[in-house]
Amino acid sequence: MGDVVCYLPAKAGWDRSAQGVLGAGRRLADSLGAKLRAVVLGPTDEALVQGAAAVSDSVAVADHPLLAEYHPETFLAALVAICKPLAPRAVLLGNDTYGQELAARLAHRLGGSAAGDAVGIAVAGDKLHVTRGVYGGKATAVIALVRSPGVVWLRARAMDPADPAGRAPGEVQKVTVDLAADPRVKVVSRHVEAKEGVKLEEARVIVSGGRGLGGPEPFKQLQELATTMGAQMAASRAACDAGWVPASWQVGQTGKKVAPELYLAIAISGASQHIMGIADSKVITAINRDPDAPIFKHCSFGLVEDYQKVIGPLREKLAKNG
Amino acid sequence: MNIIVCIKQILDPEIPARDFRVDSAKREAERGSANLVTNIFCENALETALQFREAHGGKITVVSVGPEGAEDVLRKALALTANEAVLVINDAPGLADPLFVARTLAAAIRKIGAFDAVLLGREAGDWGAGQTGGLLAEELGLPCISFAESLAPAAPGAVQVKRQTDSGWELLESTMPLVVTITNHEKNVPRIPKTRDVMQSYRKPLTKWTLADVGIDPASTAAYYEVAELSIPRKETQCEFIAGDTLEAKIDAFASRLTEVMRAL
């Protein structure tokens, strides 16, 4: 009763998101004087289970043929079945597509309140307080969750992992969930938009292009620059909406929330909605011909130039620098 | 197919940050000189519905929960050729509690009657909670597919939904009725209404209901969440603009700074 549950999707493995969710969960459980219970759905690997056990009081692994691949209704039903008897105080999830779509419905079924895109979570009296950006990142709100449990999806990659030192590993339990195939929804097909290298959310260097590029062609040039830099490619919403690059490249309030060591924004003006997706980056820099572009307000350093004159020579120079 | 599209009127999210103010005591954004507009994802949802109707026929009813003034966004939807509109008037100021809105929408949708799909924007550009769709599905006891970009007919009584994921996209098929939240995509960029349709929108049916009309008592609905604080973050980095006498010198200096950061990785 009153514990903190962290949901970890098995498929993603022991990634930065899982570590961040558990880090936030560990700190919340400690401040509540409660236990941290990790819940893994689906066929899992040892790294995830061991990583989770090292910082949790228990790890429940629910494997079931219906949990082999994500299904919105089935995963929701499984989480409800596992969480309900625990009567947790909080359930934490990561900010992947699936975590986001599960949170509100899970809260509803558990009689709780949900909040998302949390950059902070804390105990305030008998309520959980969630800090998040609102109004497209122009304001910050602290939301008090009235009902229990608080179901919160987090900016997981920006959360510090927990330190396993001096802690006995939590017990790993296999749990059985009674699941029936959902008669209404079926997953017809899944498509991965081929992109080499690490996931955008895990990338350490990102090169991103925006509306100012004017079309799909310049993205090829950016790709060459990104390859030289060992960077992943991203784009602003304007570039994705225009169809220049796939929607899965979108970074921002409604795209991916990235947290690289270096984010290079090229021909991106930097609307607050875009900043919401990149605010956790260590170093933000930009190339933009408009010195008043809002992006520069978030940059450590920047270059005021037309990108067309810069990209080619910059790539050569960087290749030389090695 | 009968499609219900839920739409929300919000403060124009495009207002520049320098013009945006909040009333920290009331924990609300100040209207200032900003316009009230239709939330962009609601427009994407309506556009998705319009394209489906053009290709496969059907009827579109738009529903909104909001103050009297929200009639404007419904008229605009009618001008975009939605067939009917319903406004459930809720004058309560401040934060619209997502569960309260979902319950009110569910009550209105039940009163409207037969429907096959309910489309909503994935989230709103003001509070951005992104919960109304999921909560509405729970209130109606229906399946929910999120972050969709298009709908297509499937087997009789079913619909195929293409939705975006972190790594690409998925095709899901669901029986109807269902709830779908819509995200932006190059194919559902909202159209501009024709002048003739704008004129005609004022002759189209727009029903107004009070909360009592749909059987909702605000006093008896326990709160879901509250805003404890609202503020504008003061976080601006001082940007060092790379200087140089020539373009080449500037590029060299910029490249050196990038290399410096990357070497530290």
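Here is the naming used below: chain letters follow the sequence lines, and residue numbers restart at 1 for every chain. Values reported hereafter were calculated over all heavy atoms of this structure, with side chains retained and with hydrogens, waters and symmetry mates removed.
There is no contact between A:Ser272 and chain B, counting heavy-atom distances below 4.5 Å. Proximity to chain A (any heavy atom under 4.5 Å) is restricted, for B:Phe147, to the side chain, taken from C-beta onward. Both the backbone and the side chain of A:Cys299 come within less than 4.5 Å of a heavy atom in chain B. Proximity to chain A is absent for every atom of B:Asp12, based on heavy atoms less than 4.5 angstrom apart. Interface remark: B:Arg18 contributes no atoms to any contact with chain A (heavy atom separation under 4.5 Å). Contact of A:Val304 with chain B is made through backbone and side chain together, with heavy-atom distances under 4.5 Å. Only the backbone of A:Ala242 has a heavy atom closer than 4.5 Å to any heavy atom of chain B. For A:Leu76, the part lying under 4.5 angstrom from a heavy atom of chain B is the side chain only. Neither the backbone nor the side chain of A:Lys282 comes within less than 4.5 Å of any heavy atom of chain B. For B:Glu138, the parts sitting under 4.5 Å from any heavy atom of chain A are the backbone and the side chain alike. Of the atoms belonging to A:Leu264, it is side-chain heavy atoms, and not backbone ones, that fall under 4.5 Å from chain B. Heavy atoms closer than 4.5 Å to chain A are found in the side chain of B:Gln160, but not in its backbone. For B:Leu11, the part lying near chain A is the side chain, with the backbone staying farther off; criterion is any non-hydrogen pair under 4.5 Å. Heavy atoms closer than 4.5 Å to chain B are found nowhere in A:Pro294, neither backbone nor side chain. Neither the backbone nor the side chain of A:Ala231 comes within less than 4.5 Å of any heavy atom of chain B. Interface residue A:Glu101: backbone and side-chain heavy atoms are both found under 4.5 Å from chain B. Neither the backbone nor the side chain of A:Pro246 comes within less than 4.5 Å of any heavy atom in chain B. Interface remark: B:Leu136 contributes no atoms to any contact with chain A (heavy atom separation under 4.5 Å). Only the side chain of A:Val283 comes within contact range of chain B, judged by heavy atoms closer than 4.5 Å.
Of the residues considered (A:Val188, A:Val187, A:Thr285), A:Val188 shows the highest number of contacts with chain B, using heavy-atom pairs under 4.5 Å. For the set A:Lys320, A:Lys138, A:Glu261, the entry with the most heavy-atom pairs within less than 4.5 Å of chain B is A:Lys138. Note: B:Ala228 leads B:Ala129, B:Ala137, B:Gly134, B:Ala228 in heavy-atom pairs under 4.5 Å with chain A. Interface check for chain A: of the options B:Thr181, B:Ile242, B:Val22, B:Asn184, the most heavy-atom pairs under 4.5 Å are formed by B:Asn184. Contact count against chain A (heavy-atom pairs under 4.5 Å) is highest for B:Pro143 among B:Gly168, B:Gly128, B:Cys144, B:Pro143.
Taking the six-membered ring where the residue is Trp, B:Phe20 and A:Tyr135 present tilted rings, their angle falling between 30° and 60°.
Under a cut-off of 6.0 angstrom, the local environment of CG in B:Asp217 is crowded, with over 12 non-hydrogen atoms contributed by other residues, nucleotides or ligands. By the 6.0 Å contact criterion, CZ on A:Arg109 is enclosed, its count of non-hydrogen atoms from other residues, nucleotides or ligands being greater than 12. Within a 6.0 Å sphere centred on CD of B:Glu186, other residues, nucleotides and ligands contribute more than 12 heavy atoms.
Using modelled atom types, one finds no donor on one side chain facing an acceptor on the other under 3.5 Å when comparing B:His185 with B:Thr183. Counting only N and O atoms by type, the side chains of A:Tyr70 and B:Glu170 include no donor and acceptor under 3.5 Å apart.
A heavy-atom distance below 4.5 Å is not found between the side chains of A:Ser248 and B:Trp169.
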